[in-house]
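All remarks here apply to the structure that follows.
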Amino acid sequence: MSVTAVAPERYNHRTAEPKWQAWWTENRCFEATEDASRPKYYVLEMFPYPSGRIHMGHVRNYTMGDVIARFRRAAGYNVLHPMGWDAFGMPAENAAIERGIHPKGWTYDNIASMKAQLKNMGLAIDWSREIATCDPSYYRHEQAMFIDFMKAGLVERRVSLVNWDPVDMTVLANEQVIDGKGWRSGAPVEKRELAQWFLKITAFAPDLLSALDGLTTWPDKVRLMQKNWIGRSEGMRFTFELEDEAGAVLPEGLTVYTTRHDTIFGATFCAVSADHPLVKERAIQDAELETFRKDVAALGTSEENIERAEKKGYALGIYARHPFDASKRLPVYAANFVLMGYGEGAIFGCPGHDQRDWDFATKYNLPILPVVTPKGVAAILGDKPFLEKDGEEAVLVNSDFLNGMTVPAAKNEVARRMEAAGMGTRKVNFRLRDWGVSRQRYWGCPIPIIHCEVCGIVPVPKKELPVELPEDVKFDKPGNPLLHHPTWRHVNCPQCGGKATRETDTFDTFIDSSWYYARFCSPKADVPVDAAAAKYWMGVDQYIGGVEHAILHLLYSRFYARAMGVTGHLEMDEPFKALFTQGMVIHETFRTPEGEWVLPSDAVQKDGVWVYVVTGEALEVGGVEKMSKSKKNVVDPDTFIETYGADTARWFMLSDTPPERDIEWTSAGAEASWRFVQRIWRLVNDAATHATGNHAATDLRRATHKVIAAVTDDLENLRFNRAIARIYELSNALQAGLAAKDSAVREAADALVLLMAPMMPHLAEECWAVLGHSTTVVDTPWPK
RNA sequence: GCGGGCGUGGCGGAAUGGUAGACGCAACGGACUUAAAAUCCGUUUUUCGCAAGGAAGUGCGGGUUCGAGUCCCGCCGCCCGCACCA
């Protein structure tokens with residue numbers, strides 16, 4: 001039986017979608033203005049790098065944000081939903097090197113084409129607030145703030161051992177080194193000594209850590225990752241007296257950091273980093289030690305090296321006097337496992353209760369002394385160090401005045417005695433390092449500094465900002481084009497007027513994205529952030545993006561908000577009130593028998609077997625993996641939207657799979673979404689022929705209101721897949737209601753359209769008109 | 001090694017400690033059609049049974065509870081993050 005008397009025409013997204021997109025733009029539906037009479041809602045997705053084309057990951061991310069924006073708008077909020085471009089970065093420069101295109105032209109062309117693609121998605125974005133970080137009107141404020149940060153003592157220039165990416169020929173921050181390799185290039189990172197600009201993120205370490213507790217609407221996983229990254233530990237810093245082979249006291253002491261000062265009587269050696277001053281100084285006289293230092297440096301920091309590396313040491317021929325037992329002296333080694341960058345770059349080794357120290361002691365035949373044991377158990381020397389488990393009661397033995405004490409009590413006692421004797425102090429240490437922000441690249445924000453031979457480091461006067469990137473640069477040799485520019489770097493010193501040179505390093509692009517969320521509040525202001533606008537809009541009520549930014553971008557942004565607070569640019573601490581990290585878009589992979597990757601669009605299923613359309617040969621179906629160009633398992637959003645419409649793409653992205661998990665793109669699933677679009681169209685057209693109901697408590701009416709409540713709750717909690725399941729239920733109920741001539745048919749159809757509107761806004765508008773409304777969905781309140 | 005998460009039909013996945021498998025996909029049967037597509041009506045955890053109906057069932061083994069997919073303990077498997085951090 002046919003549901004409709006006269007079959008309606010098929011829904012045509014090709015006419016409907018551009019029509020409504022134009023209508024929203026003309027009527028400025030999504031342009032936000034401050035309005036104190038309404039509650040505000042700021043929803044933001046991590047802005048894209050303008051690579052040239054959007055991918056399905058963007059579609060998923062921006063669809064989620066859009067659903068939230070449209071839902072909150074309908075629910076009565078004054079919504080801010082802006083978009084911009086994270087436009088500085090290496091790919092633009094690589095395009096310049098490889099194809100001779102200027103990074104600026106390349107970037108802006110990409111922005112234009114990606115903007116058109118995003119518009120085709122029908123996003124409810126306030127395009128009047130669009131920003132690009134490579135625009136001088138944006139980065140001049142970044143430069144001004146850097147100078148303010150300097151004045152506030154949040155900037156340092158120091159020579160330090162840095163991570164050098166030999167492929168990208170630039171320095172990387174610690175956060176940007178993954179498994180000992182550059183996060184972009186994948187090349188093994190080398191260590192180099194360079195003069196670098198640092199932002200003092202460590203100044204905020206305690207606050208960045210403790211404030212995590214308040215971010216209750218962030219994923220626990222992300223909070224935990226940040227907590228581990230910041231890495232707070234409570235311990236002691238104290239100094240050993242040193243003596244030489246003959247027992248004569250040396251002028252210098254050896255300061256170590258430890259969290260296990262309770263095990264001081266188990267100490268049998270000391271170890272210092274190969275980069276420790278004590279070692280460097282002796283290596284001048286000692287060729288063998290210098291060789292050792294080089295070997296350690298050559299080993300690098302990559303994961304595989306660390307795993308394979310044996311503990312190696314070099315006895316320095318000096319000894320540390322035990323602080324509480326004059327009869328003991330501990331040989332001091334230079335050791336490859338001690339990091340100069342953490343603590344004091346020096347430790348005492350207690351092999352009985354530390355795996356690493358155990359390995360070292362075993363190798364060099366150093367004594368192993370058990371000093372901690374479970375309560376009521378005699379200390380024994382097993383075949384591995386004894387490490388008490390969480391909550392396990394352990395007591396000190398073989399430890400003089402500590403004997404019988406619990407671990408915490410013994411720590412306390414050692415700290416008390418050392419502090420009383422002036423040997424050391426309790427100290428909280430953080431793993432977090434300051435953020436090195438100098439990059440030896442062209443396509444980034446110039447660091448607004450002038451180096452004067454007379455005056456030293458001089459900030460560019462604010463009235464001369466922005467320091468603009470010169471456009472006439474050449475990419476004909478490796479390294480930084482700014483360094484090779486004939487004139488740009490040569491300037492007069494703003495202070496003495498003498499000859500000086502500009503800083504040619506540019507900022508790490510993560511700086512650009514560390515404050516853009518605040519700039520969106522007042523994108524055209526002539527200060528970085530207009531205070532009144534920020535007071536109204538900040539913080540971001542819902543931030544959405546990939547979990548890959550759990551540390552880098554999110555930690556930097558949290559730091560920036562604080563630094564901007566100190567310098568009076570922004571009055572708030574936490575930029576993102578709620579965070580949601582969405583999963584990836586994954587897809588099957590296909591290979592020819594020769595091992596060539598094949599695009600999904602070139603694979604067809606014939607009699608249950610996947611076949612390559614070009615050659616007709618059977619394809620090997622590989623794993624379901626993240627969409628990537630290298631494996632060619634990509635589906636082009638543009639082509640899909642052209643064929644099936646934006647609403648179909650949006651609907652599919654939200655269906656079935658919970659938003660935080662990886663979603664598998666399948667053509668069958670996508671087509672099913674398309675069929676649902678047509679089904680809604682038929683149902684609504686059919687419902688439109690029915691009379692308005694009489695508010696009787698029919699089955700359909702009950703079902704409708706149950707679904708309204710459920711969908712509202714689901715969308716408030718970002719459970720898009722469940723909201724969609726409810727909408728399917730309502731469409732099933734409506735279909736049954738139509739057959740049963742239920743009097744609530746019109747009411748149900750209206751609700752169906754309004755509930756699906758955040759996900760399928762174009763279809764909703766068309767359906768709303770079919771149902772005889774003279775208003776638009778975008779201006780209709782959320783149903784209750 | 002340390003830290004965290006997850007194991008439910010053929011698949012994606014539902015389920016404030018209260019009828020396990022909502023909703024979707026796929027598959028199968030039927031209607032419509034010259035035919036196909038689309039659409040519509042059904043079936044679809046496993047198992048026994050012609051049926052009515054019964055039994056088992058949320059990785060494995062225990063426990064708490066009137067009641068456990070959900071809470072607790074111990075395993076097994078997979079995934080993610082950090083990693084010589086003193």
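Relative to the six-membered ring of W229(A), R431(A) meets both conditions, a distance below 6.0 Å and an angle of at most 45° to the axis. For the pair R329(A) and Y319(A), the cation-pi test (distance below 6.0 Å, angle within 45°) is passed.
One N or O on the side chain of D434(A) and one on the backbone of I201(A) form a donor-acceptor pair closer than 3.5 Å.
Comparing the C1' positions of A14(B) and C25(B) gives a spacing of 15 Å, expressed to the nearest Å. Here the separation of A37(B) from G18(B), taken at their P atoms, is 44 Å to the nearest Å. Going from the P atom of A22(B) to that of C71(B) covers 22 Å, rounded to whole Å. Between A36(B) and G30(B), the two P atoms lie 12 Å apart (nearest whole Å). Annotation: U46(B) and C40(B) have their P atoms spaced 25 Å apart (nearest Å). Rounded to a whole angstrom, the distance from the C1' atom of G4(B) to that of A55(B) is 40 Å. For the C1' atoms, the distance from C28(B) to G9(B) is 16 Å, rounded to whole Å. Between U70(B) and C6(B), the two P atoms lie 13 Å apart (nearest whole Å).
Using a 4.0 Å cut-off between a side-chain N of Lys or Arg and a carboxylate O of Asp or Glu, R232(A) and E234(A) qualify as a salt bridge.
In this structure, V256(A) reaches neither bases nor backbone, as no heavy-atom distance under 4.0 Å exists between it and the strands shown. Within 4.0 Å of Y728(A), counting heavy atoms only, lie sugar-phosphate atoms of the nucleic acid but no base atom. Counting non-hydrogen atoms under 4.0 angstrom, L224(A) reaches the backbone sugars and phosphates but no base. T258(A) comes within contact range of the sugar-phosphate backbone alone, with a heavy-atom separation under 4.0 Å but no base atom that close. Contacts of D357(A) with the nucleic acid, taken as non-hydrogen atoms under 4.0 Å apart, are absent.
Atom CD of E625(A) and atom P of C80(B) are 11 Å apart (whole Å). One interatomic measurement links the two molecules: CZ of R433(A) to P of A83(B), which rounds to 13 Å at whole-angstrom precision. Rounded to an integer number of Å, the gap from I586(A) CD1 to G12(B) C1' is 10 Å. Between the P atom of A22(B) and the CG atom of D714(A) lies a distance of 17 Å, rounded to the nearest Å. Atoms CG (N336(A)) and P (C85(B)) sit 12 Å apart, rounded to a whole Å. In this structure, CD of Q678(A) is placed 12 Å from P of C40(B), rounded to the nearest angstrom. The distance from atom CG of L654(A) to atom P of G12(B) is 19 Å, rounded to the nearest whole Å. For the pair R10(A) CZ and A38(B) P, the interatomic distance rounds to 9 Å; values are reported in whole Å.
The phosphate of C23(B) has neither OP1 nor OP2 within less than 4.0 Å of any side-chain N or O from R719(A). Distances shorter than 4.0 Å separate some side-chain N or O of R682(A) from OP1 or OP2 on C40(B). OP1 or OP2 of A86(B) has at least one side-chain nitrogen or oxygen of Y342(A) nearer than 4.0 Å. Taking side-chain N and O atoms only, R431(A) has no distance below 4.0 Å to OP1 or OP2 of A86(B). Taking only side-chain nitrogens and oxygens, N732(A) comes nearer than 4.0 Å to OP1 or OP2 of G24(B). Within the structure, a side-chain polar atom (N or O) of Q735(A) is placed less than 4.0 Å from OP1 or OP2 of C40(B). A close approach under 4.0 Å does not occur between any side-chain nitrogen or oxygen of R661(A) and OP1 or OP2 of G12(B). At the phosphate of C2(B), neither OP1 nor OP2 sits under 4.0 Å from any side-chain N or O atom of N228(A).
Taking 3.5 Å as the limit, the base of C80(B) and the side chain of K221(A) contain no donor-acceptor pair of atoms between them. In this model, no side-chain donor or acceptor of R675(A) finds a partner on the base of A38(B) within 3.5 Å.
A syn orientation is assigned to G9(B), its glycosidic angle lying within 90° of 0.
Base-pair partner of A51(B): not found among the strands shown (Watson-Crick or G-U wobble, both distances under 3.5 Å). Across the strands present, A26(B) finds no partner; the criterion is a Watson-Crick or G-U wobble pair with both atom distances under 3.5 angstrom. Across all strands shown, A56(B) forms a Watson-Crick or G-U wobble pair, both distances under 3.5 Å, with U45(B). Base-pair partner of C6(B): G77(B) (Watson-Crick or G-U wobble, both distances under 3.5 Å).
In the set C82(B), A14(B), A86(B), the nucleotide with an atom closest to the side chain of P658(A) is A14(B). Closest contact between the side chain of M225(A) and the listed nucleotides G81(B), G13(B), C85(B) involves G81(B).
Annotation: of the two residues near RNA chain B, N721(A) and I724(A), the 5′-most nearest-nucleotide partner is N721(A). Ranked by how close their nearest RNA chain B nucleotide is to the 5' end, I663(A) and N429(A) are led by I663(A).
Two rings, from Y728(A) and F676(A), have their centers less than 6.0 Å apart.
Between F269(A) and the options W358(A), F360(A), F348(A), a ring pair (Phe, Tyr, Trp, His ring centres under 6.0 Å) holds for only F360(A). Results of the ring pair (Phe, Tyr, Trp, His ring centres under 6.0 Å) test with W435(A) over F198(A), F510(A), Y556(A) single out Y556(A) as the only residue that passes.
Residue K363(A) places its NZ atom among more than 12 non-hydrogen atoms of other residues, nucleotides or ligands, all under 6.0 Å distant.
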